[in-house]
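One structure below.
Just the heavy atoms: all of them, side chains too, but no hydrogens, waters or symmetry mates, feed the values below. Here is the naming used below: chain letters follow the sequence lines, and residue numbers restart at 1 for every chain.
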Amino acid sequence: MDHAIPPHYFERDALTVAHDLVGVTLLLHDTGGVIVEAEAYDHTDPASHCFAGRRTPRNASMFGPPGHAYVYRSYGVHWCLNFVCGRDRSGHAVLIRALQPVMGIEIMQQRRGAVPERRLCAGPGNLTQALGITGELDGKPLTAPPFKLVARPSHVEVVSGTRIGLTRGVDSPWRFGLAKSRFVSRPF
DNA sequence: CTATAGATAATCT
DNA sequence: GATTATCTATAGG
């Protein structure tokens, strides 16, 4: 029996949610898989878009209600998917960085081109391309279609490390992954 | 396998 | 005008 993720799941700080999301299954329409890599960001974090509570048109949904998506464009090219969380709308979010493909693998392969399955959803930009995620989903609730989230198994071994691709906040170990997974964007 | 270089254009100052 | 929560190709071990 599948257990859906309840809305209050996201009413916690980004670090806690990022840790707990490892092993959760993320589905969008008929594609998706198991979250094997996620990173936490919040308003105390120099690497975050909403550091010190700074608001811009782009990051508006990061200050919106928890349990919703924050989708932004990275390097002007790639879409990146975040889960907004926190209890006080102060700017907590978790960047989904990699999935272990489970559902709709052929569809995702068509969208991504000829890449090995272990690279299909490895990296935030690759993941959104595989699932067909665009800015249209920014601000949409994660607890309603087209999203579906399924709770993880009871025993999941989670590892942590420093985040990827940053110039600030480089030492914070706010990257979480599924131990020994070969679907992560980079080894831990 | 790891490391680095270059492309790329939206976003922000 | 500068920066960037990335990606791919390429060179080297």
Seminar exercise, completed: Dot-bracket assigned to DNA chain C with the 3.5 Å Watson-Crick/G-U criterion, [ ] for crossing and | for other-strand pairs, is ||||.|||||||.

Between [N] ([atom2]) and [X] ([atom1]): distance, integer Å:
X       : N      : atom1 : atom2 : answer
I164(A) : dT8(C) : CD1   : C1'   : 16 Å
R186(A) : dC7(C) : CZ    : P     : 11 Å
R118(A) : dC7(C) : CZ    : C1'   : 18 Å
R168(A) : dA2(C) : CZ    : P     : 17 Å
E37(A)  : dT6(C) : CD    : C1'   : 13 Å
L166(A) : dT3(C) : CG    : C1'   : 14 Å
W79(A)  : dT4(C) : CH2   : C1'   : 15 Å
H43(A)  : dA5(C) : NE2   : P     : 19 Å

Within the 4.0 Å heavy-atom criterion, would you say [X] contacts the bases, only the backbone, or no part of the nucleic acid?
X       : result
N82(A)  : base
P46(A)  : nothing
S185(A) : nothing

For this session: Could you check which of dA5(C), dC1(B), dT2(B) has an atom nearest any side-chain atom of L95(A)?
Result: dA5(C)

Exercise. Does the side chain of T162(A) reach to within under 4.5 Å of the side chain of S172(A), using non-hydrogen atoms?
Worked result: no

Problem set entry | Side-chain heavy-atom pair C121(A), L131(A) within 4.5 angstrom cut-off | yes

For this session: Write down the atom of F176(A), the atom of A18(A), and the distance for their closest heavy-atom approach.
Result: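 It is CD1-CB, 3.6 Å.
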
For this session: Could you tell me which non-hydrogen atom of F183(A) sits nearest to which non-hydrogen atom of L99(A), and how far apart they are?
Result: CB-O, 3.8 Å

For this session: Check whether any side-chain nitrogen or oxygen of R97(A) sits under 4.0 Å from OP1 or OP2 of dT6(C), and answer yes or no.
Result: yes

Exercise. When you check the gap from the basic side-chain N to the acidic O, do D45(A) and R163(A) get nearer than 4.0 Å?
Worked result: yes

Exercise. Going by an N to O cut-off under 4.0 Å, is there a salt bridge joining E157(A) and K180(A)?
Worked result: yes

Exercise. Pick the nucleotide of DNA chain C nearest each of T167(A) and A122(A); which residue has the one closer to the 5' end?
Worked result: T167(A)

For this session: Between R112(A) and S48(A), just flag the one whose closest nucleotide in DNA chain C comes earlier from the 5' side.
Result: S48(A)

Exercise. Would you say T128(A)'s side chain and I133(A)'s backbone share a donor-acceptor pair under 3.5 angstrom?
Worked result: no

Seminar exercise, completed: Reading nucleotides 6-13 of chain B from 5' to 3' and marking B where a protein heavy atom lies under 4.0 Å of the base, S where only the sugar-phosphate is that close, and - otherwise, the string is ---BSSSS

Exercise. Which of these passes side chain to side chain contact (heavy atoms under 4.5 Å, CB included) with I35(A): L178(A), I96(A), D20(A)?
Worked result: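 The passing option is I96(A).
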
Exercise. Taking the six-membered ring for Trp, are the ring centroids of Y72(A) and H49(A) within less than 6.0 Å of each other?
Worked result: yes

Exercise. Would R12(A) count as a cation-pi partner of Y9(A), with NZ or CZ less than 6.0 Å from the six-membered ring centre and within 45° of the ring normal?
Worked result: yes

